[in-house]
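Counting starts at 1 for both ligands and their atoms, in listed order.
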Amino acid sequence: MKVLGIETSCDETGICLIETRESDKGLILTILGNQLYSQVAKHVEYGGVMPTLAKREHQKNLVPLFLKCLEEAGLAFPSSSEEGWHSDDGVVRAVEKVLDREPELLTDFVKILPTLKRPDIDAIAVTNGPGLEPALWVGVNFAKALSALWNIPIIPTNHMEGHVVVASLDRIDKNQFWIKQTHYPAIALLISGGHTQLVLAKDEMDYEIVGNTRDDAVGEAFDKVARMMGLPYPGGVQIYNYSEEFKKKAATNPNFKFPRPMIHSKDLDFSFSGLKTSVLYTIKEIPNLTEEIKQEIAFEFQNAAIDVLVSKTKKAIEQHDAKTLIVGGGVIANPDIRKALEKLSKEIEVHFLLPEISAATDNALMIAMAGFLNLKSGAKTTLDFKANGNLSL
Ligand code: KG4
Ligand code: ZN
């Protein structure tokens, strides 16, 4: 089965075409084409993601990325005269209607896509939430326009489910992966710029959120602390790099001590705003914030965040008797956080599903994969859905 994934929930524009097949040893996923355009550089000057800018960038990039993805997959062929645009005015009107609010995307779409032969794609999986609504809509409407042009069914896909499922890819070679079986029940720790959640997966595609942040997401706290120290967006990787510099000095005892909010609370919720504020007060007291002090702060801040994440994840696994720990979201790109959670999984002897770093931050592979798995478990395709910024698992 061939599934096209489309991701536009935040500041990455992603298009990915996968093919899946069953073998006697399990499911194999092959990446036929995978294109990702990061808008990060465009948002840097604003110190965070600007929704209107993200929307414009997605509009500009979707058609070129889609075309590149088809070329990579060897599926870009010119259409014959009977196909595409001229054959049916109803199709033209349907596409124009769907892309009414994305005029730039419509212009590109009309110019290029009707010149192509309908690619052999069985379904389109598109992120319909959670995320920035204006950004989400661009992907959703692009999917609906493709569907109108080529009559391809759509499976609306939850971005967070993408972060969960992509952890079970087990690389065979450059483009092929096993989809590993998950032992249920499983606990998924999802940590990104917008989310910090502990999710109980009772079975395939059956989720319950058992822990959540009460204020800032952990990625948001990384980004904000970085900004307080004058480091550019996105701050997660900056904090990690500064912390590494501190470690290089063989230093282990920073002069600062930040709180580990809610680490002893019985529930599975998180709070990162107190930690962030504590860093802010510390910084305010320091007249000359040298690079050395920044490294020390980054190290202690990261340790505080890791302690809380590990402790709550452990609690969740114990409370729900989980057999597997799944981790996902952009923050899991952080090597120290990866190591700490891997260590936990060994200590308490649970299976551990960790995505490759390139698949941890937002991408369309995870969306195509989640769409495929949902179709496989019987979910229905539909054209009647909206972008929903607050969509929950
Ligand atoms: O999942 P993601 O790509 O986008 C959202 O859905 O939010 O996550 C982005 C977040 C940002 O807050 C970014 O600072 C953080 O992931 N991040 C990191 C690292 N790389 C990205 N945080 C800590 N350490 C990293 N190495
Ligand atoms: Zn994400």
Return yes when Gln302 approaches ligand 1 closer than 4.0 angstrom through a heavy atom, no otherwise.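 The answer is no, since Gln302 has no heavy atom less than 4.0 Å from ligand 1.
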
Does Gly194 have a heavy atom less than 4.0 Å from any atom of ligand 1?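 Yes.
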
Please determine, by modelled atom types, if [X] and [Y] share a side-chain donor-acceptor pair under 3.5 angstrom.
X: Gln176; Y: Asp173; value: yes
X: Gln295; Y: Lys247; value: no
X: Gln39; Y: Glu12; value: no
X: Tyr242; Y: Glu291; value: yes
X: Ser265; Y: Asp267; value: yes
X: His159; Y: Asn128; value: no
X: Asn212; Y: His195; value: no
X: Glu347; Y: Ser345; value: no

Sub-6.0 Å ring centroid separation between Phe301 and Phe222: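 That pair passes the under 6.0 Å test.
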
Go through ligand 1 atom by atom and flag the ones less than 4.0 Å from a non-hydrogen atom of His163.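 Listed by number with element: 1 (O).
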
So if I count the atoms of ligand 1 from 1 in the order they appear, which ones are less than 4.0 Å from some heavy atom of Asn334?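 Every atom of ligand 1 under 4.0 Å from some heavy atom of Asn334: 23 (C), 24 (N), 25 (C), 26 (N).
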
Give every protein N, O or S atom lying under 2.8 Å from the Zn ion (ligand 2), naming each by residue and atom.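 For the Zn ion (ligand 2), the protein N, O and S atoms that sit under 2.8 Å away are His159 NE2, His163 NE2, Asp362 OD1.
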
Heavy-atom distances under 4.0 Å decide this one: backbone, side chain, both or neither, for His159 against ligand 1?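 Answer for His159: side chain.
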
Among Cys10, Gly193, Pro335, Gly219, which one has a heavy atom closest to atom 10 (C) of ligand 1?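 It is Gly193 that holds the nearest heavy atom.
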
Does any N or O of ligand 1 fall below 3.5 Å from an N or O anywhere on Gly330, backbone included?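 Yes.
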
Taking N or O atoms only and a 3.5 Å limit, does Asp362 qualify as a polar contact for ligand 1?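 Yes, there is a polar N/O contact under 3.5 Å.
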
Residues Lys68, Glu72; criterion salt bridge (Lys or Arg N to Asp or Glu O under 4.0 Å); working and verdict: CA-CA 6 Å; Lys68 270 199 200 156; Glu72 195 187 338; over 6 Å; no

